[in-house]
Amino acid sequence: MTELIAAVDAVDVRFPTSRELDGSDAMNPEPDYSATYVTVRTSAGRQGFGLAFTVGRGNELTVAAVRSLAPLVVGLPVAAVFGDLGAFSARLTGDSQLRWLGPEKGVIHMAAAAVVNAVWDLRARQENKPVWELLADLTPEELVSLVDFRYLVDALTPAEALDILHAAAPGRAERRAHLLDHGYPAYTTTPGWLGYTDDKLVRLAKEAVAEGFTQIKLKVGVDQAADERRLRIARAAVGPDVRIAVDANQAWGVPQAIEWLRPLAPYDPYWIEEPTSPDDVLGHAAIRRAVAPIKVATGEHTHNTVMVKQLLQAGAIDILQLDASRVAGVTENVAILLLAAKFGVPVCPHAGGVGLCEMVQHLAMFDYVAVSGTTEDRVVEYVDHLHEHFVDPVVIRRGHYLAPRTPGLGARLHPESVTRYSFPDGAEWAVAVAG
């Protein structure tokens, strides 16, 4: 019998990270790292797992959006979906009525990401491959077929995308072997949350260097004098050869960003992340011109490939920080990686959230093997939070992500974690209410 998609389930899962101020930054002082957790089930009993990341309140909206998308998915033949994942993604993002809620942005787009990611996980499990390897094994023509070029051809044509992929093809096997032997470079945000004390910052920064990380990141943007002090003590803790990135999480206007960064410059910040509104393409370009040689990085709140295209066309960024579930999942991120390769901009994915490390490593590793062909000036963010809740958590050795060998995208949560942290009825939240 034909295998069909039988159900799309969504659960509101929230972790109370605000209690220890893990994840705290200028715009999110007390976040509760949360997941719109999606399971796609087939009539043959198989399952695929995906998620979209939020920071607490509002996660119920993304769950509701997944449930609105489910009728577009349930009943589809699995083989037909796997045979044209580009069309499947377009089905979710292009529905004539649901599209009005974006289009291709916001809650409805993040919900599409969770579903798309779950379907890629399902396909990878069927083929018994991790998603990075599944993608890297596709032909250039199959990869290009995933991309909707409608709004991109003024920056990237299908022929150019094919040229990029064909140029990278000869070294795929060697890069795959290197990846399996050495892993993919990481940097860590763990020392730098804004709510941490100076002593905790110094201790965690020194531990990060001892563990092999060559880059750390600090949150900034609330108190200029405190930012200067924290960057000064962090530089003293790690020495001159470790890169320190700083992240304002959208706290500033354009002139303020330029002014705020001046007293930080003597401590050699490597990049300034999200210095202003993530929608302000020209503002990022102006900041980049003014603060060089400090690099400008953004992307975790970039809604879609059109915004990525504009950031690249405007010369607004030095570093592109794609996110696994802000845009419509794996499929749209293939397009983003191709755009970055066309413009020669390094991709350093965002992973500051529950499940993002697990998922985004696959995109970076695919990029290395099959698209850009390099890890030069490329690092994937790592935060040491909540990995114990995942069936296949990331593994970090000597400051590198080890390449996953288990099938799928890595987003599957332990059932007991889902039960305990489901909101508002899970045991963890019942205890919080009782207290």
Side-chain angles (χ1 to χ4, degrees), residues 23-31 33 53-55 105-106 109-110 187-195 215-224 226-227 230-231 243-262 264-265 269-304 306-312 314-327 333 336 340 345-353 356-357 360 378-383:
S24 53
D25 60 51
M27 296 297 279
N28 305 286
E30 295 178 321
Y33 276 11
F53 166 66
T54 74
V55 293
K105 62 177 70 72
H109 210 49
M110 294 169 67
Y187 77 92
T188 181
T189 306
T190 297
W193 301 115
L194 207 55
Q215 180 174 324
I216 65 171
K217 187 167 76 181
L218 305 187
K219 300 292 185 172
V220 297
V222 171
D223 181 317
Q224 191 173 29
D227 289 347
R230 293 172 70 250
L231 189 53
R243 288 174 172 174
I244 303 178
V246 294
D247 183 359
N249 290 96
Q250 314 161 31
W252 303 320
V254 173
Q256 184 185 15
I258 295 167
E259 181 63 30
W260 199 292
L261 287 166
R262 286 187 179 127
L264 304 186
Y270 181 59
W271 75 51
I272 175 58
E273 183 173 333
E274 287 200 311
T276 192
S277 165
D279 297 347
D280 191 351
V281 173
L282 299 183
H284 278 86
I287 293 167
R288 182 179 181 235
R289 289 192 297 269
V291 305
I294 302 172
K295 299 179 185 298
V296 170
T298 198
E300 70 185 79
H301 283 86
T302 301
H303 295 298
N304 50 48
V306 174
M307 286 194 66
V308 171
K309 178 188 76 169
Q310 292 179 2
L311 287 164
L312 295 169
I317 55 173
D318 299 284
I319 305 290
L320 174 59
Q321 297 173 305
L322 61 77
D323 182 275
S325 63
R326 175 67 58 178
V327 302
N333 272 312
I336 289 171
V345 171
V347 175
C348 296
H350 168 246
L356 296 185
C357 294
V360 83
R378 287 161 164 82
V379 280
V380 177
E381 184 175 23
Y382 174 70
V383 294

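Along the sequence shown, residues are numbered consecutively beginning with 1.
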Residue set satisfying salt bridge (Lys or Arg N to Asp or Glu O under 4.0 Å) with Glu274, at least two apart, ordered chain then number -> none
Side chains of Thr189 and Lys219 in contact at under 4.5 Å (non-hydrogen atoms): yes
_If you define the side chain from C-beta out and look only at heavy atoms, does anything of Val254 sit under 4.5 Å from Ile287?_
yes
Review point. Taking side chain as C-beta onward, heavy atoms only, is Thr276 less than 4.5 Å from Gln256?
Key: no
message = Just so I know, are the side chains of Trp252 and Ile272 near enough to count as touching, which here means a heavy-atom distance under 4.5 Å?
response = yes
Non-hydrogen side-chain atoms of Tyr33 and Leu356 separated by less than 4.5 Å: no
Distance col, row Leu312:CG vs Ile317:CD1, nearest 0.5 angstrom, shows 5.0 Å
Tell me if a side-chain donor or acceptor on Asp318 pairs with a main-chain N or O of Ala297 at a distance below 3.5 Å. no
Tightest non-hydrogen contact, residues Ala251 and Gly221, listed as CB-O, 3.8 Å
So CG of Leu320 and CZ of Arg378: to nearest 0.5 Å the spacing works out to 10.0 Å
Hits for salt bridge (Lys or Arg N to Asp or Glu O under 4.0 Å) against Glu259, two or more places apart or cross-chain, chain-then-number order -> Arg262
Heavy atoms of Leu194 and Val222 approach each other most closely as CD2-CG2, 3.4 Å
Taken to the nearest 0.5 Å, the spacing of His284 NE2 from Thr298 OG1 works out to 4.0 Å
Notebook entry, point to check: Under 30°, 30 to 60°, or over 60°: which ring-plane class applies to His350 and Phe53, parallel, tilted or perpendicular?
Noted result: tilted
Here the gap from Leu322 atom CG to Asn333 atom CG, rounded to the nearest 0.5 Å, amounts to 4.5 Å
In this structure, CD1 of Ile216 is separated from CD1 of Ile244 (nearest 0.5 Å) by 4.5 Å
Report task. Measure the shortest side-chain to side-chain distance between Thr302 and Arg326 over non-hydrogen atoms and say whether it is less than 4.5 angstrom. Result -> no
Correct closest heavy-atom pair for Ala285 and Ala314 would be CB-O, 4.0 Å
What one should report as the nearest heavy-atom pair of Pro269 and Ala265 is CD-O, 3.7 Å
In terms of heavy-atom contacts, Val327 and His303 come closest through CG1-O, 3.4 Å
Interatomic distance, NZ@Lys105 vs CE@Met110, rounded to 0.5 Å, equals 14.0 Å
What do the steps show when you test Asp279 against His301 for side-chain contact (heavy atoms from CB on, under 4.5 Å), and what is the final call?
-> CA-CA 8 Å; Asp279 297 347; His301 283 86; over 6 Å; no
From the list Lys217, Gln215, Arg243, side-chain hydrogen bond (donor to acceptor under 3.5 Å, both in side chains) with Tyr187 holds only for Lys217
*Mark yes or no for whether Asp227, through its side chain, and Arg230, through its backbone, hold a donor-acceptor pair below 3.5 Å.*
no
**Study point:** Test item: Val380 and Val360 side chains (from C-beta on) under 4.5 Å apart, heavy atoms
**Key:** yes
Using a 4.5 Å cut-off on heavy atoms from C-beta on, say whether the side chain of Glu381 contacts that of Cys357. no
